[in-house]
2 protein chains.
Amino acid sequence: MASQSKEDYIKVLYKLEQENKVVSTNDIASFLKMKASSVSDMLKKLAMEEYIDYTKYKGAKLTKKGVSKALSIIRKHRLWETFLVNHLKFKWDQVHDIAEQLEHIDSDQLIDKLDHFLNYPKSDPHGDPIPGKNGEIINLGHTPLNELNLMDNGSIAAIKKGTPSFLQYMDKLGIELGTKIKVIDKIEFDKSLEIKIHNKSIHLSQEVAQNILIKI
Amino acid sequence: MASQSKEDYIKVLYKLEQENKVVSTNDIASFLKMKASSVSDMLKKLAMEEYIDYTKYKGAKLTKKGVSKALSIIRKHRLWETFLVNHLKFKWDQVHDIAEQLEHIDSDQLIDKLDHFLNYPKSDPHGDPIPGKNGEIINLGHTPLNELNLMDNGSIAAIKKGTPSFLQYMDKLGIELGTKIKVIDKIEFDKSLEIKIHNKSIHLSQEVAQNILIKI
DNA sequence: TTAAATATTTAGCCGTGTCTAAAAATTTAT
DNA sequence: ATAAATTTTTAGACACGGCTAAATATTTAA
Ligand SMILES: [Mn+2]
Ligand SMILES: [Mn+2]
Ligand SMILES: [Mn+2]
Ligand SMILES: [Mn+2]
C-alpha cells in the first residue's frame, strides 16, 4: 500500500483538483506545510506509481487510480469521523485530527464493518458526503450561503471549512446541520448578509457565508 | 511521541520480560523478525530516550517510563480488540493485526472515550486483562490448563497464544471464554491430557494445554 | 583453561521522506 | 522582446529504521 505520507499527498491532490483543474507544486507545498522541493520529489514518485499524471513544471493531476485511492481515504476519514461523533460523543470540532490518523489504517474488512455498524451513513458530521465502497460520491447539490437570494429559505447542509475554530464559531452562532435559515438582508457593499436563524437575526461576513452550504 | 517502530519494540520488551528477567537482543530480533544488528541499534536509541536500561552485551530491561509506555500500548491494543469483536462483529481470530495498527493512534481522549463506550471492560476478547488508564493491571490468577490436577474443574479464562490458527483450533474444539471444563485424564508419557467439555471428551497436547488459561 | 561456538555490536550501505541552497524554467512586467 | 520576478526542479545533506558483513565479546565445550 501507499505510505501514510503518500496517502496524504493524494488526498491533497484530490482536494485541490476540486478547485483548479491541475495542481501546482506550490499549492501542495503550502497546503501540506512542506517545502516545494519535497513536493517535487514526491510528485515524481507518485507519477512513477501511476497515482498522478505529471509533467515537469506543468503540475499534476490524479489518474483514475489516484482518484480512486483518494476517495477510499476520504471514505475512511469520514466514516471514522462519524463514529467518533455519533458513538464516542466527540464534538464535531474535535474529530478531524484523530480521523487524520485513523484514515490510514489498512483493512478493507474493517471499513466494511464500520460502515455497517454506522448504518451506512451518507454524510459525515460536517455534512460532507461519504464516498461509497466503489468510490461513488453523491453530489448533494448544496449552495454556498452567500449565493442565496434575498428572502430565500433553506437549511444548513454542510460546513465547508472544517477547522476547529470555524466550527466553534458555528456552535456559538447556534448553527448546526439541519438548522433552518432565511436570508433577510444582503449587504452589497461587503457582500455580507443577515440571516434569520432560531428566530434571531445574525450577521455573517461573506468569508463565513461561503463556507456554509445550504439545502434550499 | 515514540514512533510506531519504537512502540512495537517496547511492547515486545514488555512481553519478553514477563518470561525472562532481562531480554536479549536475539530474543527481540527473532520475535520481531528482524536482524540482531537492527535491534542492537534500536536498543541504543531506546536507552537514550530512557525507555530501557541497557548495558551492551548484557541485555535490556524496561524502565518505569518504558513499562508505563508498554502498558498504554497494550491498553489501546486490547480496547480496540474489544471494540472490533463486541461492536463490529469480528471473530476473535481476526482482530489482532488490525489492533496492531490501531494501538498506535495517538489520542488520550480517544482512548478515554473508547473505554467509556465499551463500558470499561476488564479483559479483551482473548481473556487478557486490559491495563487501566494509569497502568494498573489486574493479575487474574489464572492457571495454565496443563497444571490442573486430575478431576479438577474450571472454566476457560483466557487464550494465551493469540494466533489466528490457534484461535481457530479453539473454535473447532468448541472452546470459548467461559466454557466449563474438567480434567478427566492426564497422560504422564507426553504430558497431554483429556478434558471434558460440552459433555464431550477431547484430547489436548501439552503444547496446546499450556496456552489455555483456566479459572478454577 | 584454552578453543570453538554463539551472541552481540560496529561499520557501512540503502530507501524513504524531509530540508536548504542553487540552478533552471516559466510567467509577469516593463 | 527583454528583464525581472516567481515557480519549480535538482543537488546534496540528514534522520530514521532497516540490511549485510565483519569485528568483538561472551558462553560453552574440550
Ligand atoms: Mn492523514
Ligand atoms: Mn469531515
Ligand atoms: Mn503495532
Ligand atoms: Mn488480545
Side-chain angles (χ1 to χ4, degrees), chain A residues 1-14 16-17 19-62 66 69-70 73 100-101 103-106, chain B residues 1-14 16-17 19-62 66 69-70 73 100-101 103-106:
Chain A
M1 284 300 102
S3 66
Q4 191 148 324
S5 191
K6 280 175 187 162
E7 291 193 344
D8 284 338
Y9 275 91
I10 289 168
K11 224 174 26 147
V12 171
L13 260 303
Y14 183 86
L16 295 178
E17 274 183 25
E19 292 150 29
N20 310 285
K21 196 86 258 157
V22 105
V23 181
S24 80
T25 303
N26 261 357
D27 285 354
I28 298 170
S30 68
F31 202 94
L32 287 178
K33 295 179 163 96
M34 289 203 277
K35 299 302 165 180
S37 54
S38 309
V39 173
S40 203
D41 282 351
M42 185 57 94
L43 291 181
K44 249 177 293 182
K45 294 178 198 165
L46 291 174
M48 209 109 70
E49 294 173 51
E50 296 184 297
Y51 286 115
I52 60 174
D53 289 324
Y54 170 54
T55 325
K56 280 203 293 200
Y57 295 102
K58 294 300 177 191
K61 191 170 181 311
L62 290 169
K69 184 71 183 175
I73 304 163
E100 202 59 41
Q101 299 180 61
E103 72 190 0
H104 303 290
I105 301 290
D106 180 26
Chain B
M1 285 303 100
S3 65
Q4 191 148 323
S5 191
K6 279 173 186 161
E7 291 192 346
D8 286 338
Y9 275 91
I10 289 168
K11 225 174 27 146
V12 171
L13 261 304
Y14 183 86
L16 296 178
E17 273 183 25
E19 293 149 30
N20 310 287
K21 195 87 258 158
V22 108
V23 180
S24 79
T25 302
N26 260 358
D27 285 354
I28 299 171
S30 69
F31 202 93
L32 288 177
K33 295 177 162 96
M34 289 201 277
K35 300 301 165 180
S37 54
S38 309
V39 173
S40 203
D41 282 351
M42 186 58 93
L43 290 181
K44 248 177 292 182
K45 295 178 198 166
L46 291 175
M48 209 108 69
E49 295 172 51
E50 297 184 296
Y51 286 114
I52 60 174
D53 289 323
Y54 170 55
T55 324
K56 280 203 292 200
Y57 295 102
K58 294 300 179 191
K61 191 169 179 314
L62 290 169
K69 183 72 182 176
I73 305 163
E100 202 58 42
Q101 299 181 61
E103 72 191 359
H104 304 291
I105 301 289
D106 179 27

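Below, read A as the first sequence line, B as the second, and so on, with proteins coming before strands; counting in each chain starts at 1. Values in this document were obtained by computation on a predicted structure and should not be read as measured data.
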Legend entry - Value in whole Å for how far the C1' atom of D:dG17 lies from CG of B:Leu46: 12 Å

Legend entry - A:Ser5 side-chain N/O to C:dT18 phosphate OP1/OP2 under 4.0 Å: yes

Inset, instruction - Write down the distance between NZ (B:Lys35) and P (C:dT6), rounded to a whole number of angstrom. - result: 17 Å

Legend entry - Distance in angstrom units between B:Met48 CE and D:dG17 P, rounded: 12 Å

Inset, instruction - Report the residue from B:Asp27, B:Leu32, B:Val39 that forms a side chain to side chain contact (heavy atoms under 4.5 Å, CB included) with B:Val12. - result: B:Leu32

Legend entry - Ion pair check, B:Lys11 and B:Glu100, cut-off under 4.0 Å: yes

Inset, instruction - May I ask you to evaluate whether A:Asn26 reaches the phosphate of D:dT8, defined as a side-chain N or O under 4.0 Å from OP1 or OP2? - result: yes

Legend entry - Nearest-0.5 Å distance, OG of residue B:Ser40 to NZ of residue B:Lys45: 11.0 Å

Inset, instruction - Mark yes or no for whether B:Glu17, through its side chain, and B:Leu62, through its backbone, hold a donor-acceptor pair below 3.5 Å. - result: yes

Legend entry - Given C:dT18, D:dT8, C:dG17, the nucleotide with the shortest approach to the side chain of A:Asp41: C:dT18

Inset, instruction - Specify the separation, in whole Å, of atom CG of A:Leu32 and atom P of C:dG17. - result: 13 Å

Inset, instruction - Would you indicate what B:Ser37 reaches in the nucleic acid, counting non-hydrogen atoms under 4.0 angstrom: base, sugar-phosphate, or nothing? - result: base

Inset, instruction - Check whether any side-chain nitrogen or oxygen of B:Lys44 sits under 4.0 Å from OP1 or OP2 of C:dT10, and answer yes or no. - result: yes

Inset, instruction - Without swapping roles, check the side chain of A:Gln101 against the backbone of B:Asp106 for a donor-acceptor pair under 3.5 Å. - result: yes

Inset, instruction - Return the nearest nucleotide to the side chain of B:Tyr57; candidates are C:dG17, D:dT9, D:dT26. - result: D:dT26

Inset, instruction - Ignoring backbone atoms, establish whether A:Tyr9 has a side-chain N or O less than 4.0 Å from OP1 or OP2 of C:dT18. - result: yes

Inset, instruction - Look at all strands and tell whether A:Ser38 reaches a base, only sugar-phosphate, or nothing, counting heavy atoms closer than 4.0 Å. - result: base

Legend entry - Presence of A:Lys56 side-chain N/O under 4.0 Å of D:dT7 phosphate oxygens OP1/OP2: no

Inset, instruction - Find the distance B:Leu43:CG to D:dG18:P and express it as a whole number of Å. - result: 12 Å

Inset, instruction - Grab the CD-C1' distance between A:Glu49 and C:dT16 for me, whole Å please. - result: 11 Å

Legend entry - Value in whole Å for how far the P atom of C:dG17 lies from CD of A:Gln4: 11 Å

Legend entry - Minimum-distance nucleotide (side-chain atoms of A:Met42 versus D:dT8, C:dG17, D:dG17): C:dG17

Inset, instruction - Would you indicate, yes or no, if C:dT9 has its OP1 or OP2 atom less than 4.0 angstrom from a side-chain nitrogen or oxygen of B:Ser40? - result: yes

Legend entry - Between C1' of D:dT9 and NZ of A:Lys45, the distance in whole Å: 14 Å

Legend entry - N or O in side chain of A:Lys6 less than 4.0 angstrom from C:dG17 OP1/OP2: yes

Legend entry - Backbone N/O of B:Lys6 and side chain of B:Ser3: donor-acceptor pair under 3.5 Å: yes

Legend entry - Residue-phosphate contact under 4.0 Å: B:Thr25 side-chain N/O, C:dT9 OP1/OP2: yes

Inset, instruction - Check whether any side-chain N or O of B:Tyr54 sits under 4.0 Å from OP1 or OP2 of C:dT8, and answer yes or no. - result: no

